[in-house]
Q: 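First, the structure itself, so that you have it in front of you.
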Amino acid sequence: MKIGYARVSTADQYLRMQEDALKNAGCDEIFTDVANGAKTQRPGLEKALGYVREGDTLVVWKLDRLGRSIQHLIQLMTSLNERKISFKSLQESIDTSTSGGKLIFHMFSALAEFERDLIQERTQAGLKAARARGRMGGRPPLLDNRQINRMVEMYNEQKNTVAEICKIYDISRPSFYNYLKNYLKQNARNDVSNHNLMTTELI
């Protein structure tokens with residue numbers, strides 16, 4: 001059995017052209033969505049994926065009607081392949097029930113993996129360059145040193161609760177304790193450095 005899926009991005013676009021093409025391709029059931037390509041919620045696609053069974057073929061008018069990205073498209077096609085469901089795209093003439101269609105699918109998979117590797121390599125290179133310049137990855141601190149020092153003073157004075165301090169500085173409780181831990185670490189290092197310096201001077 002052939003199951004069709006059609007999607008348009010906005011309500012003022014028309015599904016009829018895709019539906020007609022899917023019917024002419026022999027689809028017995030057609031599921032539709034009106035949703036932007038980047039949206040994850042597609043009830044029509046979910047119904048279509050739940051409806052198809054082993055030996056069926058999921059048919060779309062064009063590849064970009066199905067996947068949000070090349071990675072998402074590969075994930076869907078891999079899932080269909082594992083369930084022994086064929087996939088067909090009318091505009092690109094891709095049919096995974098044929099040897100040529102399977103070859104194209106494997107090429108897509110290889111390209112997607114190649115893209116992931118490139119992104120990972122660029123990320124690692126960027127982090128390495130940042131470390132070489134004395135910068136670390138991650139979010140920048142929300143509070144400056146003066147604020148951190150005052151926050152720790154308030155904590156030591158015990159005039160304010162941790163919840164009140166967090167509210168004053170607009171931070172979460174885990175963030176407060178991270179600041180406190182880093183503050184204590186830094187002070188411990190400074191104490192050691194000062195001790196070493198004093199010992200050297202005495203000698």
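All residue numbers refer to positions in the sequence shown, counting from 1.
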Q: If we only count heavy atoms from C-beta on, is the L103 to T98 side-chain gap below 4.5 Å?
A: no
Q: Whether the D33 and Y5 side chains hold a donor-acceptor pair (N or O, under 3.5 Å, no angle test) is what I'd like checked.
A: yes
Q: Could you go through N81 and F87, starting from their C-alpha distance and side-chain angles, then the distance that decides it, and tell me whether this counts as side-chain contact (heavy atoms from CB on, under 4.5 Å)?
A: CA-CA 8 Å; N81 184 57; F87 171 78; over 6 Å; no
Q: Do side-chain atoms of R146 reach the backbone of L143 as a donor and acceptor pair under 3.5 angstrom?
A: no
Q: Apply side-chain contact (heavy atoms from CB on, under 4.5 Å) to L90 and K62, showing your working.
A: CA-CA 6 Å; L90 301 178; K62 198 175 180 183; over 6 Å; no
Q: Side-chain heavy atoms under 4.5 angstrom apart, residues restricted to Ile, Leu, Val, Met, Phe, Trp, Tyr: same cluster for I94 and I3?
A: yes
Q: Do any N or O atoms from the side chain of D20 and from the backbone of M17 form a donor-acceptor pair under 3.5 angstrom?
A: no
Q: Distance-only, no hydrogens or angles: does the N182 side chain make a donor-acceptor pair with backbone N or O of N178 under 3.5 Å?
A: yes
Q: If I take atom CD1 from residue I171 and atom CD1 from residue I165, how far apart are they, to the nearest 0.5 angstrom?
A: 8.5 Å
Q: Looking at every heavy atom in both S86 and S97, which two are closest together, and how far apart are they?
A: OG-CB, 3.5 Å
Q: Can you name the nearest heavy-atom pair linking L22 to A6, along with the distance?
A: CD1-CB, 4.0 Å
Q: Just wondering, do Q41 and E46 contact through their side chains at under 4.5 Å, heavy atoms?
A: yes
Q: Measure the CD-CG distance between E92 and D64 for me, rounded to the nearest 0.5 Å.
A: 7.0 Å
Q: Output yes when a side-chain donor or acceptor of K2 lies under 3.5 Å from a complementary backbone atom of A25, and no otherwise.
A: yes
Q: Are side-chain heavy atoms of M1 and T57 found at a separation under 4.5 Å?
A: no
Q: I'd like to know if the side chain of E29 and the backbone of G4 have a donor-acceptor N/O pair within less than 3.5 Å.
A: no
Q: Indicate, with yes or no, if the rings of F176 and Y155 have centres closer together than 6.0 Å.
A: yes
Q: Pair L180, V152 - check side-chain contact (heavy atoms from CB on, under 4.5 Å), show working.
A: CA-CA 7 Å; L180 183 61; V152 174; 4.2 Å; yes
Q: Linking I/L/V/M/F/W/Y whenever any side-chain heavy atoms sit under 4.5 Å apart, do Y183 and Y169 land together?
A: yes
Q: Of all the heavy-atom pairs spanning C27 and V59, show the shortest one and how long it is.
A: SG-CB, 3.7 Å
Q: Identify the two heavy atoms, one from L58 and one from A48, that lie closest to each other, and give their separation to 0.1 Å.
A: CD1-CB, 4.3 Å
Q: Is the side chain of R65 donor-acceptor paired with the backbone N or O of R7 at a distance under 3.5 Å, no angle test?
A: yes
Q: Take V8 and Q18 through the test side-chain contact (heavy atoms from CB on, under 4.5 Å) and record every step on the way to the result.
A: CA-CA 9 Å; V8 291; Q18 294 182 48; 3.7 Å; yes
Q: Tell me every residue that passes ring-ring contact (aromatic ring centres under 6.0 Å, His included) with Y51, counting only those two or more places apart in sequence or in another chain.
A: F31
Q: Membership question, hydrophobic clusters at under 4.5 Å side-chain separation (ILVMFWY): are L66 and I30 in the same one?
A: no
Q: Of all heavy-atom pairs between M77 and T96, which one has the smallest distance, and what is that distance?
A: CE-CG2, 4.1 Å
Q: What I want to find out is whether E19 reaches R16 closely enough, with some N-O distance under 4.0 Å, to be called a salt bridge.
A: no
Q: Report the distance from atom CD1 of I148 to atom CD of Q186, rounding to the nearest 0.5 Å.
A: 10.0 Å
Q: Holding to salt bridge (Lys or Arg N to Asp or Glu O under 4.0 Å), I want the full list of residues that pass it with E82, two or more places apart in sequence or in another chain.
A: none
Q: Give the cluster check for L73 versus V60: same hydrophobic cluster or not, with ILVMFWY residues linked at side-chain heavy-atom distances below 4.5 Å.
A: yes
Q: Does N156, at its CG atom, have more than 12 non-hydrogen atoms belonging to other residues, nucleotides or ligands within less than 6.0 Å?
A: yes
Q: Closest approach of D56 and I85, non-hydrogen atoms and distance?
A: O-CG2, 3.4 Å
Q: Quick check: does any side chain N or O of R83 sit under 3.5 Å from a backbone N or O of V52, one acting as donor and the other as acceptor?
A: yes
Q: Nearest 0.5 Å, please: how far is CG in L80 from CD in Q75?
A: 12.0 Å
Q: Do side-chain atoms of T78 reach the backbone of I74 as a donor and acceptor pair under 3.5 angstrom?
A: yes
Q: May I ask you to check whether over 12 heavy atoms, not counting those of Q158, lie within 6.0 Å of atom CD?
A: no
Q: If I take atom OG from residue S172 and atom NZ from residue K167, how far apart are they, to the nearest 0.5 angstrom?
A: 15.5 Å
Q: Are the side chain of Q147 and the backbone N or O of D144 linked by a donor-acceptor pair below 3.5 Å?
A: yes
Q: Going through the checks in order, is the salt bridge (charged side-chain N to carboxylate O under 4.0 Å, His left out) test met by K159 and E164?
A: CA-CA 10 Å; K159 293 180 180 179; E164 289 170 340; over 6 Å; no
